[in-house]
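Scroll down for the structure; my scribbles are underneath it.
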There are 2 protein chains.
Amino acid sequence: MATLDPIETLRRVPFFSVLPREELQALASHCGVRRLSRDETLFTEGDPCEGLYVVQSGGIKLFKMAETGREQVLVIERAGSTVGELAVFDGGAYPASAAAIEDSTLLYLPKREFLELCRRNSAVSFAVIRALAWRFRYMASLVEELSLKEVSHRLARFLRDHAVASGLRTRRGIEFPLEETNQEIAAAIGTVRDLVSRNLRRFVDRGIIKMERRKVIVLDMAELEAQIAGSKRAATVEK
Amino acid sequence: MATLDPIETLRRVPFFSVLPREELQALASHCGVRRLSRDETLFTEGDPCEGLYVVQSGGIKLFKMAETGREQVLVIERAGSTVGELAVFDGGAYPASAAAIEDSTLLYLPKREFLELCRRNSAVSFAVIRALAWRFRYMASLVEELSLKEVSHRLARFLRDHAVASGLRTRRGIEFPLEETNQEIAAAIGTVRDLVSRNLRRFVDRGIIKMERRKVIVLDMAELEAQIAGSKRAATVEK
DNA sequence: CCGCAACGACGACTTAAGTCATCGCGCCAG
DNA sequence: CTGGCGCGATGACTTAAGTCGTCGTTGCGG
């Protein structure tokens, strides 16, 4: 594979894209390249933070791991996104672990350079804040799901997001490949792989989706959305 | 109650405390005052964002609500903290609802002034980033708990945090008042009030804590910490 | 090309979470 | 001062989540 242009990679990051080309170039000159094989660890929760990573190609998952081995994925970042930048700012260790979900190439930017840039360039700082605001919003949704929704609702949202992001509209419905294993889906939505299998089967039985091996065809998007809107059986107000 | 000095309130906010007094004064001149009774709503999830609030006195909870009425509290903010600032930056609606957990007084800062300040003062922007980094870290912990830990582990962490924050070390153990109802605790740790009661009883039965009405005495902090370290019964790796 | 491990599926089972009804107590509003 | 409501506690029950064993399939590394 041809070497990717680090300047073009940096330009894809929202808070670097505000920089003129010369500054991107200067920044790129400080960057190292880090290559990871699939499943290789980038950093582990609690590791001291030395800098941030920019995904050039592939994908990186941020995740928390229980001592039983069960994982909760916080987010998956792909090309043009950053990983590990929060620990740069508050001087703490990494709050979660990161690993490659496929062979990946990342740029590594030492924290000193990044901090310097943010201090002297308020447009960058400002764009960083915007990125963090978005992340918080996303995390708030994840908290809501994990606390207030059942596994079937969370799986429905997962499928809907995939349909929206990469679905192909056909006469049968919206088709998309399910590229993750049930284990990976379980880690994303906060359950175990048996329940992913069981709930997919339930959606098939109800005529909401059809499955052809690992291809999903959404037959009834309205019903899928209705599934998403459901809640756990928890009434703290009178019914 | 005497009127609180808005300049002193603003000074307590980490990302405003970097400002000299004259700038705090100018900022304070743009602030309105908002008073809320206990349980009164500040804003509702989805409301358009007009500005940020600074807590002068009392307490504000940010929370998500299921249609069943069950709540998940994201965070509780007290004097010297801000509420609703994230939506200022990404132009979105409020990602969660906010309400007073007791009679409260807040300063209201229109978003235009706040955005202006961040744009021209990179020390403020920088401090905002730091604050957001901390929030993300906190949210990552909440996600970890909700996904990977059982109710008893989450309650143990709640009690430990209270013991650490406001516990009084006595010969009997660490004593602190449990000021929240079981319902409020349930909303904080992601469960229902019945389970809070039941798990408190379990800790009493195991000699970890003693309860005198709503006062908690931690008899065995080491065991409480051990409770916190536990995980859900989920093994995705062989045992 | 083949063997092995990972994966998907599923049934039977256990456990945790949650519901609901009820009772006693305490506090607050009228 | 009193009545009513909120709260705590608890038992009995239901449901969802999760475990475990097993079988068949698939894909990848040697």
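Every chain is numbered from 1 and lettered A, B, ... according to where its sequence line falls, protein lines coming before strand lines.
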Tell me: CD of B:Gln183 to C1' of C:dG18, nearest whole Å?
13 Å
Given atom CG of A:Leu155 and atom C1' of D:dA16, what is their separation to the nearest angstrom?
15 Å
If you pin A:Ser147 and A:Arg214 to their nearest nucleotides in DNA chain C, which one's is more 5'?
A:Arg214
Separation of D:dC28 atom P from A:Glu102 atom CD, nearest Å, is 14 Å
So B:His162 and B:Phe176, would you call those rings parallel, tilted or perpendicular, with 30° and 60° as cut-offs?
tilted
Rounded to whole angstroms, how far apart are CE on B:Met211 and C1' on D:dC7?
13 Å
Rounded to the nearest angstrom, tell me the gap between atom CD in B:Glu179 and atom P in D:dC7.
15 Å
Could you walk me through whether A:Glu179 and A:Arg214 pass the side chain to side chain contact (heavy atoms under 4.5 Å, CB included) test, one step at a time?
CA-CA 7 Å; A:Glu179 282 160 350; A:Arg214 293 310 269 184; over 6 Å; no
For DNA chain D, the residues among residues 195-208 of chain B that have a non-hydrogen atom under 4.0 Å from it:
B:Ser197, B:Arg198, B:Arg201
Would you mind reading off the distance between A:Glu150 atom CD and D:dG18 atom C1', rounded to a whole angstrom?
14 Å
5' priority, DNA chain D, between A:Val151 and A:Asp194 [closest heavy atom]
A:Val151
B:Arg137 side chain vs A:Ala93 backbone, donor-acceptor pair below 3.5 Å
yes
Are A:Arg35 and A:Glu40 close enough for a salt bridge, meaning some N to O gap below 4.0 Å?
no
Please confirm whether the shortest side-chain N or O distance from B:Thr181 to OP1 or OP2 of D:dG6 is below 4.0 Å.
no
Provide, to the nearest angstrom, the distance between the CG atom belonging to A:Leu146 and the C1' atom belonging to C:dA17.
15 Å
Tell me whether B:Arg12 at atom CZ has more than 12 heavy atoms from other residues, nucleotides or ligands lying less than 6.0 Å away.
no
When we call it a touch if two heavy atoms are under 4.0 Å apart, what does B:Asn182 touch: a base, just sugar-phosphate, or nothing?
sugar-phosphate
Could you tell me whether B:Lys61 and B:Glu71 make a salt bridge, using a distance below 4.0 angstrom between a side-chain N and a carboxylate O?
yes
Given D:dG18, is OP1 or OP2 found less than 4.0 Å from the side-chain N or O atoms of A:Arg193?
no
SB check B:Glu175 B:Lys210 (cutoff 4.0 Å):
no
Taking for A:Arg213 and for A:Arg154 the nucleotide of DNA chain D with the nearest heavy atom, the one nearer the 5' end belongs to A:Arg154
Using atom CG of B:Asp39 as one end and atom P of D:dC5 as the other, report the distance to the nearest whole Å.
17 Å
